[in-house]
There are 2 protein chains.
Amino acid sequence: MDTPLREPTFLILTALAREPMHGYAIIGEVAALSDGRLSLRPGTLYGALDRLTDAGLVELDREETVDGRLRRYYRLSPTGDATLAAETERLRRNVEAATARLRARSVQPLAPRTAGGLA
Amino acid sequence: MDTPLREPTFLILTALAREPMHGYAIIGEVAALSDGRLSLRPGTLYGALDRLTDAGLVELDREETVDGRLRRYYRLSPTGDATLAAETERLRRNVEAATARLRARSVQPLAPRTAGGLA
DNA sequence: GCTGAATATATCGGACGCGAAGATATTGCG
DNA sequence: CGCAATATCTTCGCGTCCGATATATTCAGC
């Protein structure tokens, strides 16, 4: 898993970091995590869970049946935990780099050539 | 451009935030920005530049010919600047959310049931 | 003077994650 | 009884990315 995680995958792992959850609950948790910016579609969620399970980042925790409806709980594996931590660090560095660049530009938007200061 | 930027695209915009650069120089700049973690391939770079140009996030700044080799400089457009700032904020929130979740798990890895404290 | 590495651009095909849409089944509300 | 909400799963197409390849020029080494 050298490839960087995309946002939906990253937030799914984040949602599972605290405690095991079932798929449908993850949709709501990710929406909350992202302040409603990202609403996961079933295709994205279950596809991602299958991929993450195959990759060994999440594991099936348990299955419950509540009111006749199946709930399949997933949990973060140790590998998934480490991956999420590493990904978070990677993002943190990217954020820092971009912030520094944006600030640098803000300080000196354009070289003051046309304003006719001296010369 | 509602879709979140992928990492290569994000770092290309970051590289351009400070000053206009030509394609080949961006490859080195992105490598430096990511501490060598991400080495852009030509296919990724020029494809991304075309897409970003079409989307209005970057603009052709100027063309130079140095030692018979063409250099095509790109610069961040105001839209690209705003997009990069917004994306950085989005990432910052994701990093914060993940960090909080990882910390929460670290404080209480498992419910202390088996350790037999009291009871 | 030729070869190969570095500079600098471009293009094509495959892989893969994501999103839209719809199917299925159950409970609860009006 | 029909409709919304809960909860799962599947199929299809798109966009992005990467690997590979091509082209052209300069410079270093032999």
Side-chain angles (χ1 to χ4, degrees), chain A residues 1-13 15-16 20-32 34 36-55 57-58 60-74 80 83 87 90 94, chain B residues 1-13 15-16 20-32 34 37-55 57-58 60-74 83 87 90 94:
Chain A
M1 186 60 82
D2 206 12
T3 320
L5 304 175
R6 313 293 204 300
E7 192 177 36
T9 308
F10 179 81
L11 290 176
I12 288 171
L13 292 186
L16 291 176
M21 300 186 81
H22 66 279
Y24 195 80
I26 293 176
I27 293 179
E29 184 69 9
V30 166
S34 65
R37 293 191 318 277
L38 184 66
S39 84
L40 286 184
R41 304 292 155 187
T44 303
L45 174 70
Y46 294 105
L49 285 176
D50 287 346
R51 268 184 286 113
L52 291 170
T53 301
D54 287 346
L57 300 187
V58 307
L60 185 60
D61 189 69
R62 67 189 188 278
E63 290 182 348
E64 286 179 1
T65 300
V66 178
D67 290 334
R69 280 187 288 266
L70 176 66
R71 286 183 179 174
R72 187 164 286 150
Y73 283 77
Y74 292 89
T83 300
E87 271 297 302
R90 180 212 297 264
N94 288 350
Chain B
M1 190 59 84
D2 204 10
T3 321
L5 304 175
R6 313 285 194 292
E7 192 179 37
T9 308
F10 179 81
L11 290 176
I12 288 171
L13 291 187
L16 291 175
M21 301 184 81
H22 67 278
Y24 195 80
I26 295 175
I27 294 179
E29 184 69 10
V30 166
S34 64
R37 294 191 317 277
L38 184 66
S39 84
L40 286 184
R41 305 292 157 188
T44 304
L45 174 70
Y46 293 105
L49 285 176
D50 287 346
R51 269 183 286 112
L52 291 170
T53 301
D54 287 346
L57 300 187
V58 307
L60 186 60
D61 188 69
R62 68 189 187 278
E63 291 182 346
E64 285 179 3
T65 300
V66 178
D67 289 335
R69 279 188 291 266
L70 176 67
R71 285 184 179 173
R72 188 164 287 150
Y73 284 77
Y74 292 89
T83 301
E87 271 296 302
R90 181 213 296 264
N94 288 350

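By convention in this document, chain letters (A, B, ...) are assigned in the order of the sequence lines, proteins followed by strands, and residues within each chain are numbered from 1. All figures in this text were calculated on a predicted structure; none of them were measured in a lab. These values consider heavy atoms only, across backbone and side chains, with no hydrogens, waters or symmetry-generated copies.
One interatomic measurement links the two molecules: CG of B/D50 to P of C/dT11, which rounds to 7 Å at whole-angstrom precision. Taking atom CG of B/L70 as the reference point, atom C1' of D/dT23 lies 13 Å away to the nearest angstrom. A straight line from CZ of A/R41 to P of C/dC18 spans 15 Å, rounded to a whole angstrom. When rounded to the nearest whole Å, the span between CG of A/L13 and P of C/dC18 equals 10 Å. One interatomic measurement links the two molecules: OH of B/Y46 to P of D/dA20, which rounds to 18 Å at whole-angstrom precision. A straight line from CZ of A/R62 to P of D/dA7 spans 13 Å, rounded to a whole angstrom. Rounded to an integer number of Å, the gap from CZ of A/R71 to C1' of C/dT26 is 13 Å. At whole-Å resolution of the value, CZ in B/R37 and C1' in D/dC17 are 17 Å apart.
A/Y24 has no side-chain polar atom (N or O) that falls below the 4.0 Å cut-off from OP1 or OP2 of D/dT8. Within the structure, a side-chain polar atom (N or O) of A/R51 is placed less than 4.0 Å from OP1 or OP2 of C/dG17. Applying the 4.0 Å criterion to OP1 and OP2 of D/dC17, one finds that B/T9 has a side-chain N or O inside that range. At C/dT27, none of the side-chain N or O atoms of A/R69 fall inside 4.0 Å of OP1 or OP2 (strictly under the cut-off).
Using a 4.0 Å heavy-atom cutoff across all strands shown, B/R6 reaches sugar-phosphate atoms only and no base atom. Across all strands shown, A/G23 has heavy atoms under 4.0 Å from sugar-phosphate atoms exclusively, and none from any base.
Of the two residues contacting DNA chain C, namely A/F10 and A/P42, the nearest-nucleotide position lying further toward the 5' end is that of A/F10. Between A/V66 and A/T44, the residue anchored nearer the 5' end of DNA chain C, judged by the nucleotide with its closest heavy atom, is A/T44.
For the atom pair CZ of A/R90 and CZ of B/R37, the computed distance is 5.5 Å after rounding to the nearest 0.5 Å. Atom CG in A/L11 sits 10.0 Å away from atom CG in A/L5 (nearest 0.5 Å).
Between the side chain of B/T44 and the backbone N or O of B/L40, no donor-acceptor pair lies under 3.5 Å.
With D/dC18, D/dC27, C/dA8 as the choices, the nucleotide that has an atom nearest any side-chain atom of B/L38 turns out to be D/dC18.
Residues A/S39 and A/R41 bring a donor and an acceptor atom of their side chains to less than 3.5 Å of each other.
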Worksheet item: Can B/H22 and B/R69 be said to form a side chain to side chain contact (heavy atoms under 4.5 Å, CB included), step by step?
Response: CA-CA 12 Å; B/H22 67 278; B/R69 279 188 291 266; over 6 Å; no
